[in-house]
**Student:** 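First the structure, which I've put down as structure tokens, then a few questions once you've had a look.
Letters A, B, ... mirror the listed sequences (proteins, then strands); counts begin at 1.
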Protein chains: 2
Amino acid sequence: MRDRSAELPRYLEIQRDLQQKIASGEWAPGSRVPSEHELQAQYSCSRMTVNKALSALARAGLVIRKRRSGSFVASPRSEQTILNIHDIQAEIAASGKAYRFEILLRTKRAMSEEDAARLAVRKTGAVLAMVVRHFAGDIPFVVEERLLNLNVVPDAEIEPFRDSPPGTWLLNVVPWTNAEHSIYADIATGHMASLLDVEKKAACLVIERRTWQGANTITWVRLSYPGERHRLTSHFWPGGAPAI
Amino acid sequence: MRDRSAELPRYLEIQRDLQQKIASGEWAPGSRVPSEHELQAQYSCSRMTVNKALSALARAGLVIRKRRSGSFVASPRSEQTILNIHDIQAEIAASGKAYRFEILLRTKRAMSEEDAARLAVRKTGAVLAMVVRHFAGDIPFVVEERLLNLNVVPDAEIEPFRDSPPGTWLLNVVPWTNAEHSIYADIATGHMASLLDVEKKAACLVIERRTWQGANTITWVRLSYPGERHRLTSHFWPGGAPAI
DNA sequence: ATCCTGATTATGTATAGACAATTAAATCGT
DNA sequence: ACGATTTAATTGTCTATACATAATCAGGAT
């Protein structure tokens with residue numbers, strides 16, 4: 001029936017074809033995409049195959065689909081990117097540098113008002129507060145301030161964190177369902193500057209993250225990177241992969 | 001046949017069911033997920049329905065699928081988040097503040113070495129270099145330094161940018177296919193500090209972005225935000241939406 | 001033991017058809 | 001002319017089936 005010499009699956013072929021028409025501007029934002037019925041005829045395939053292509057484009061935000069009305073090229077409202085925030089241990093190891101970490105503080109305490117606010121939970125139970133410094137080679141890479149919700153992760157209390165830092169340990173031990181990131185720039189205080197081995201009042205890139213398992217906040221963490229030594233970079237294709 | 005009182009489509013019901021088992025840790029990373037055949041029997045539905053659920057989980061990175069071997073719970077290697085970098089005009093308008101912008105520089109010039117490096121293209125043709133300051137109310141919100149590749153967007157040369165700043169104009173005029181973001185922290189130089197109305201040597205959150213249409217670089221832009229006044233935040237669910 | 005070979009299994013893709021849900025458009029009654 | 005009702009177009013979901021493809025496994029030949 002169909003050309004079996006084709007490399008790509010049919011639905012991907014169609015998807016990229018449409019994506020190309022949108023990306024090139026040939027199909028302007030707001031304009032109507034042919035209906036599944038029409039595309040099915042054009043590509044001489046089943047409706048399900050066309051549907052798979054169009055659904056993927058809808059998921060990627062390139063088209064908007066409405067029953068009875070049809071599918072329309074979406075107007076771009078914002079630029080998206082998927083930020084991959086790697087496990088620090090893995091990230092440094094991948095860069096070829098020697099990794100080590102140093103636990104500067106480890107305290108169990110009853111949850112304070114501030115702790116509760118950071119974890120975004122009611123003030124109850126206990127937390128494990130930690131400060132960890134990570135090194136890439138001999139250079140301080142990032143300082144991690146962390147709160148672990150012992151109500152959710154009681155095991156953390158007895159974990160020595162000898163081989164793995166708390167972030168890596170958590171990632172492997174407790175599955176997370178959702179996370180909130182907040183990224184900003186700040187001036188290194190005297191203490192932070194000495195920990196990162198940068199000048200006083202140097203710029204820091206700060207990432208704050210809260211991680212949940214369902215309704216429970218697992219952990220809050222603040223990562224302070226020396227501004228000149230660290231960049232978050234990411235490459236993004238709306239379709240999920242290079243189109244051509 | 002099936003229970004029509006169910007609110008959710010069958011495939012989503014299955015998807016969330018599996019997602020919950022993974023998120024709760026009931027199914028550990030590396031462990032095997034029942035095969036499509038088994039799930040089809042468990043949920044008494046067709047294989048295509050199960051396939052849709054499993055494919056979605058694979059796309060979200062929660063499971064890894066291998067022919068002949070089966071599907072396995074993925075071990076989390078990094079935390080992802082989808083960063084939505086909004087159109088500045090829309091972002092400020094959405095916050096309820098008055099938006100205005102001011103073009104501080106607009107120069108057409110032959111592409112220099114530095115321009116070519118920033119745009120990641122061969123040095124050829126001309127660029128339009130701009131510096132734009134955006135205000136939220138009366139407060140400087142961000143300073144935008146931009147290079148427009150006139151080889152790709154010749155229309156920019158005659159565009160007055162009276163109603164819309166270049167970012168908004170581009171978003172509406174030229175569709176983009178992929179983008180690269182780089183986020184870091186920097187110290188405000190004297191000039192930048194005065195533009196942003198912050199103290200000298202204040203921390204700035206800087207976003208650099210290159211945007212392509214296919215193989216052509218459309219634009220390079222550097223956005224400098226006052227560090228204390230701006231945060232990038234995002235909330236992320238691996239499945240794409242709250243599971244419960 | 002080692003290497004080929006074929007059987008088996010799970011996923012990947014595709015088809016044709018069916019019904020449901022949504023809603024724009026057309027029709028009808030007043 | 002207007003409002004209510006019907007029709008129809010389009011997407012959303014689902015089924016049953018089929019064959020393709022990749023990878024593992026078990027034998028069997030060397």
**Student:** Are R47(A) and dA14(C) close enough that a side-chain N or O sits under 4.0 Å from OP1 or OP2?
**Tutor:**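 No, R47(A) has no side-chain N/O under 4.0 Å of OP1/OP2 on dA14(C).
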**Student:** Give a yes/no on whether any side-chain N or O of R65(A) is located under 4.0 angstrom from OP1 or OP2 of dG12(D).
**Tutor:**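 True: R65(A) side-chain N/O within range (under 4.0 Å) of dG12(D) OP1/OP2.
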**Student:** With rounding to the nearest 0.5 angstrom, report the CG to CH2 distance, L171(A) to W176(A).
**Tutor:**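 Those atoms lie 8.0 Å apart.
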**Student:** Could you tell me whether R118(B) and E208(B) make a salt bridge, using a distance below 4.0 angstrom between a side-chain N and a carboxylate O?
**Tutor:**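 Answer for the salt bridge query: no.
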**Student:** Which whole-number value in Å describes the distance from I64(B) CD1 to dG12(C) C1'?
**Tutor:**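 Distance check: I64(B) CD1 to dG12(C) C1' gives 17 Å.
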**Student:** Below 4.0 angstrom, N of the basic side chain to O of the carboxylate: do E79(B) and R209(A) qualify?
**Tutor:**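 Salt bridge between E79(B) and R209(A), a charged N being under 4.0 Å from a carboxylate O: yes.
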**Student:** How many whole angstroms separate atom CE of M48(B) from atom C1' of dA18(D)?
**Tutor:**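 Distance check: M48(B) CE to dA18(D) C1' gives 12 Å.
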**Student:** By the definition ring-ring contact (aromatic ring centres under 6.0 Å, His included), identify the one residue from H134(A), H230(A), H86(A) that meets it with F141(A).
**Tutor:**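 The single option meeting the ring-ring contact (aromatic ring centres under 6.0 Å, His included) with F141(A) is H230(A).
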**Student:** Just the rounded figure in Å: distance from C1' of dT15(C) to CZ of R10(A).
**Tutor:**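 The answer, rounded to whole Å, is 13 Å.
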**Student:** Rounded to the nearest 0.5 Å, what separates atom CZ in R47(B) from atom CG in L39(B)?
**Tutor:**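 R47(B) atom CZ to L39(B) atom CG measures 11.5 Å (nearest 0.5 Å).
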**Student:** We want to know whether T81(B) and S234(B) form a side-chain donor-acceptor pair, criterion being a heavy-atom distance below 3.5 angstrom.
**Tutor:**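 Side chains of T81(B) and S234(B): pair found under 3.5 Å.
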**Student:** Whole angstroms only, please: what is the CG-C1' distance between L8(A) and dA14(C)?
**Tutor:**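 Checked: the CG to C1' distance equals 15 Å.
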**Student:** Near DNA chain C, which residues from residues 52-62 of chain A have a heavy atom under 4.0 Å away?
**Tutor:**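 The answer is K52(A).
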**Student:** Without hydrogens or angle criteria, can the side chains of R210(A) and T217(A) be said to hold a donor-acceptor pair below 3.5 Å?
**Tutor:**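 The answer is no; no qualifying pair exists.
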**Student:** Do any N or O atoms of the protein come closer than 3.5 Å to N or O atoms of nucleotides 22-25 of chain D, and which pairs are they?
**Tutor:**
{"residue": "dA22(D)", "atom": "O4'", "partner": "R67(B)", "partner atom": "NH1", "Å": "3.4"}
{"residue": "dT24(D)", "atom": "O2", "partner": "R68(B)", "partner atom": "NH1", "Å": "3.0"}

**Student:** Which atom names give the shortest non-hydrogen contact between S78(A) and N84(B), and what distance separates them?
**Tutor:**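 Nearest heavy atoms, S78(A) then N84(B): OG-OD1, 2.8 Å.
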**Student:** What class does the angle between the rings of W212(B) and H235(A) fall in, given that below 30° is parallel, 30 to 60° is tilted and above 60° is perpendicular?
**Tutor:**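 W212(B) vs H235(A) ring planes: parallel.
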**Student:** Name every residue in residues 34-46 of chain A that has at least one heavy atom under 4.0 Å from any atom of DNA chain C, in order of residue number, or write none if there are no such residues.
**Tutor:**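 Listed by number, they are C45(A), S46(A).
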**Student:** Side-chain N or O of T49(B) less than 4.0 angstrom from OP1 or OP2 on dT13(D)?
**Tutor:**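 Answer is no, no contact under 4.0 Å.
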**Student:** Has Y11(A) got a side-chain N or O lying under 4.0 Å from the OP1 or OP2 atom of dA14(C)?
**Tutor:**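 Indeed not, no polar side-chain atom of Y11(A) lies that close.
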**Student:** CG of L148(B) to OG1 of T211(B): how many Å apart, nearest 0.5 Å?
**Tutor:**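 Interatomic distance, L148(B) CG to T211(B) OG1, rounded to 0.5 Å: 10.0 Å.
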**Student:** Start with the C-alpha gap between L205(B) and Y184(B), add the side-chain angles, then the distance that decides, and say whether side chain to side chain contact (heavy atoms under 4.5 Å, CB included) holds.
**Tutor:** CA-CA 6 Å; L205(B) 183 67; Y184(B) 60 97; over 6 Å; no
